[in-house]
Amino acid sequence: MRLIVDSGSTKADWIAIDDDGKVLFTTQTLGLNPEILESKQIVERLNDRFDIVQSKKKATHLFFYGAGCGTDRMKLDLSQAFQSYFTNAIVSVEEDTYAAVYATTPKGQKAIVSILGTGSNCSYFDGKELHQKVQSLGYIIMDDCSGNVFGKELLRKYYFNKMPRELAVEFEKEYNVDPDFIKSKLYKEDNPNAYLATFAKFLIQHKDSEFCKKIIFKGMKSFVKNYIKQYDNCKEVPVHFVGSIAFYLKEELQQTFEKYDLKLGNVLRRPIDGLIAYHIANK
């Protein structure tokens, strides 16, 4: 049994396949980002799913692609946690960008591959290897155009009374805007970045308003300038995306790309289905 996992900070999609590529089960856990979770918390999230518990001894391989796995230390920490849990499995841990590459980019082709979900990332794939010019410093400083940055911007606009009144009323209906509640979520509970990203749903729902358009296009402009344009050949290769922000704002991405003379490639909400095909072809 091979387990394939695509994990963001908010959630992790799990699929188990046999040697013939037949899907044995699918499930979902909370996100397993080693930058914000201890090993004990990771194990607790694994134990919360019956299918995963039942697979502890059966799994022969674990292919994990996750947010927060961009450094050797984070990969090692997570690999050790998984190895002690799936004792009979060969464990492979890679950053989530590799999942995006395998799901969106035809074998041997060059592309820039980006993630726009709870967090954000951008890499260049030369057809064989992945290259990054900017080391991410996490959601507090970076993550341009991501769900958590959009959420942060909406909260700031709301509390600084910069949100149009009609939208503010809708915002209050949909979310608990009590300061103590928000501060507890941000500073006392796990995954504050995932909490911030929940507000991005409001931005998408009201994306046709001038207020939300300005926030969206400001974020996309920042992502293009800080991430995509760092690669000299960015106008020569397609730029693929995975993630809910990219998927639900594809039209806005296309408009932004036309402005900067960039080529928008494949846009997927989740890379997990593409990962199945990749691992069947490369078993």
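By the rule that hydrophobic residues join a cluster once side-chain heavy atoms approach within less than 4.5 Å of another member, Leu196 and Ile141 end up as members of one cluster. Cluster membership for Phe223 and Val267, using ILVMFWY side-chain heavy atoms within less than 4.5 angstrom, is shared. In the hydrophobic clustering of this structure, Ile280 groups with Phe63; members are Ile, Leu, Val, Met, Phe, Trp, Tyr whose side-chain heavy atoms approach within less than 4.5 Å, directly or through other members. Tracing side-chain contacts under 4.5 Å through hydrophobic residues (I, L, V, M, F, W, Y), one never reaches Ile4 starting from Leu30; they form parts of separate clusters. Transitive grouping of hydrophobic side chains (ILVMFWY, heavy atoms separated by less than 4.5 Å) keeps Leu116 and Val149 in distinct clusters.
In summary, the side chains of Thr118 and Asn148 do not present any donor paired with an acceptor at a separation below 3.5 Å, with no hydrogens or angles considered.
Salt bridge annotation for Arg270-Asp13: present, with a cationic side-chain nitrogen under 4.0 angstrom from a carboxylate oxygen. Salt-bridge check for Glu94 with Lys75: passed, with a basic side-chain N closer than 4.0 Å to an acidic carboxylate O.
The 12-atom threshold is not exceeded at NZ of Lys201, counting heavy atoms of other residues, nucleotides or ligands nearer than 6.0 Å. Counted within 6.0 Å of CG on Asp72, heavy atoms from surrounding residues, nucleotides or ligands total 12 or fewer; the atom is thus considered open. Around atom NZ of Lys213, more than 12 heavy atoms belonging to other residues, nucleotides or ligands sit under 6.0 Å away. Atom CD of Glu189 has more than 12 heavy atoms from other residues, nucleotides or ligands within 6.0 Å. In Lys107, the NZ atom is not crowded: 12 or fewer heavy atoms of neighbouring residues, nucleotides or ligands sit closer than 6.0 Å.
Residue Glu95 comes nearest to Asn121 through the heavy atom pair OE1-ND2, 3.5 Å, listed as atom of the first residue, atom of the second, then distance. The nearest pair of heavy atoms linking Ala99 to Pro271 is O-CB, 3.8 Å. When all heavy atoms are compared, the tightest approach of Gln132 to Tyr231 is CA-OH, 3.6 Å. Listed here is the closest heavy atom pair of Ala194 and Thr10: CB-OG1, 3.5 Å. Shown here for Leu268 and Ala103, the closest heavy-atom pair between the two residues is CD1-O, 3.8 Å. Contact record, Leu137 with Met142: N-SD, 3.3 Å, taken as the closest heavy-atom pair.
Taking the six-membered ring where tryptophan is involved, the planes of Phe181 and Tyr195 are perpendicular, since the angle between them exceeds 60° and thus also 30°. Aromatic ring orientation, Tyr65 versus Tyr102: perpendicular (interplanar angle above 60°, classes split at 30° and 60°). Ring-plane geometry between Tyr175 and Phe171 is classed as tilted, the angle between the planes lying from 30 to 60 degrees on a 0 to 90 degree scale.
A donor-acceptor pair under 3.5 Å links the side-chain atoms of Arg2 to the main chain of His279, judged by distance alone. Between the side chain of Asn176 and the backbone N or O of Asp178, at least one donor-acceptor pair lies under 3.5 Å. Remark: the backbone N or O of Val113 is not paired with any side-chain donor or acceptor of Ser123 at under 3.5 angstrom. In this structure, the side chain of Gln83 engages the main chain of Ala89 through a donor-acceptor pair within 3.5 Å. Looking at Asn233, its side chain never comes within 3.5 Å of a backbone N or O of Glu236 through a donor-acceptor pair. Asn266 contributes no side-chain N or O that, together with a main-chain N or O of His240, makes up a donor-acceptor pair within less than 3.5 Å. Under a 3.5 Å cut-off, the side chain of Lys56 and the backbone N or O of Phe86 do not form any donor-acceptor pair. Under the 3.5 Å distance criterion, the side-chain polar atoms of Asp143 are left unmatched by any main-chain donor or acceptor of Ser146.
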Item to check | Candidate pair Phe211 and His206, rule side chain to side chain contact (heavy atoms under 4.5 Å, CB included), full reasoning | outcome: CA-CA 9 Å; Phe211 171 79; His206 298 86; over 6 Å; no
Next on the checklist: Would Phe202 and Glu170 count as a side chain to side chain contact (heavy atoms under 4.5 Å, CB included) here? Give the steps.
Outcome noted: CA-CA 9 Å; Phe202 184 87; Glu170 293 298 318; 3.9 Å; yes
Checklist entry - Stepwise, does the side chain to side chain contact (heavy atoms under 4.5 Å, CB included) test hold for Lys235 with Lys263? => result CA-CA 7 Å; Lys235 294 185 179 183; Lys263 303 173 184 177; over 6 Å; no
Item to check | Evaluation steps, side chain to side chain contact (heavy atoms under 4.5 Å, CB included), between Gln109 and Val237 | outcome: CA-CA 9 Å; Gln109 290 192 12; Val237 298; over 6 Å; no
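One finds the CD1 atom of Ile17 at 13.0 Å from the OG1 atom of Thr26 (value rounded to the nearest 0.5 Å). Interatomic distance, Ile204 CD1 to Ile216 CD1, rounded to the nearest 0.5 Å: 7.5 Å. For the atom pair CD1 of Ile112 and OG1 of Thr104, the computed distance is 12.0 Å after rounding to the nearest 0.5 Å. With rounding to the nearest 0.5 angstrom, the CG atom of Asp51 is 10.0 Å from the CG atom of Leu24. The CG atom of Leu62 sits 8.0 Å away from the OG atom of Ser92 when rounded to the nearest 0.5 Å. Considering CG of Leu264 and OG of Ser114, their distance stands at 10.0 Å, rounded to 0.5 Å.
Listed by chain and number, the residues in a side-chain hydrogen bond (donor to acceptor under 3.5 Å, both in side chains) with Ser222 are Asp144, Asn226 (sequence neighbours excluded).
Counting heavy atoms from C-beta on, the side chains of Lys183 and Lys188 never come closer than 4.5 Å. A heavy-atom distance below 4.5 Å is found between the side chains of Val93 and Phe82. Inter-residue side-chain proximity for Gln54 and Phe25 is flagged as unmet; no heavy-atom pair is nearer than 4.5 Å. Using a 4.5 Å heavy-atom threshold, the side chains of Tyr260 and Lys225 count as touching. Annotation: side chain of Leu262 is in contact with side chain of Cys234 (closest heavy-atom distance under 4.5 Å). Using a 4.5 Å heavy-atom threshold, the side chains of Ser209 and Leu167 count as touching. Asn88 places none of its side-chain heavy atoms less than 4.5 Å from the side chain of Thr60. Within the 4.5 Å cutoff, the side chain of Trp14 has heavy atoms near those of the Thr29 side chain.
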Please list every donor-acceptor pair under 3.5 Å in which a side-chain atom of residues 33-49 meets a protein atom from a residue at least two apart or in another chain.
unit_1	atom_1	unit_2	atom_2	d
Asn33	OD1	Glu35	N	2.9
Asn33	ND2	Ser9	OG	3.0
Gln41	OE1	Glu38	N	2.7
Gln41	NE2	Asp190	OD1	3.2
Gln41	NE2	Asp190	OD2	3.1
Arg45	NH1	Gly31	O	2.6
Asn47	OD1	Tyr85	OH	2.7
Asn47	ND2	Val43	O	3.4
Arg49	NE	Gln28	O	2.5
Arg49	NH2	Gln28	O	3.2

Could you list the donor-acceptor pairs under 3.5 angstrom formed between side-chain atoms of residues 150-159 and any protein atom two or more places apart in sequence or on another chain?
unit_1	atom_1	unit_2	atom_2	d
Tyr158	OH	Glu172	OE2	2.7
Tyr159	OH	Val177	O	2.1

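For Tyr98 and Phe64, the ring centers are positioned 6.0 Å apart or more.
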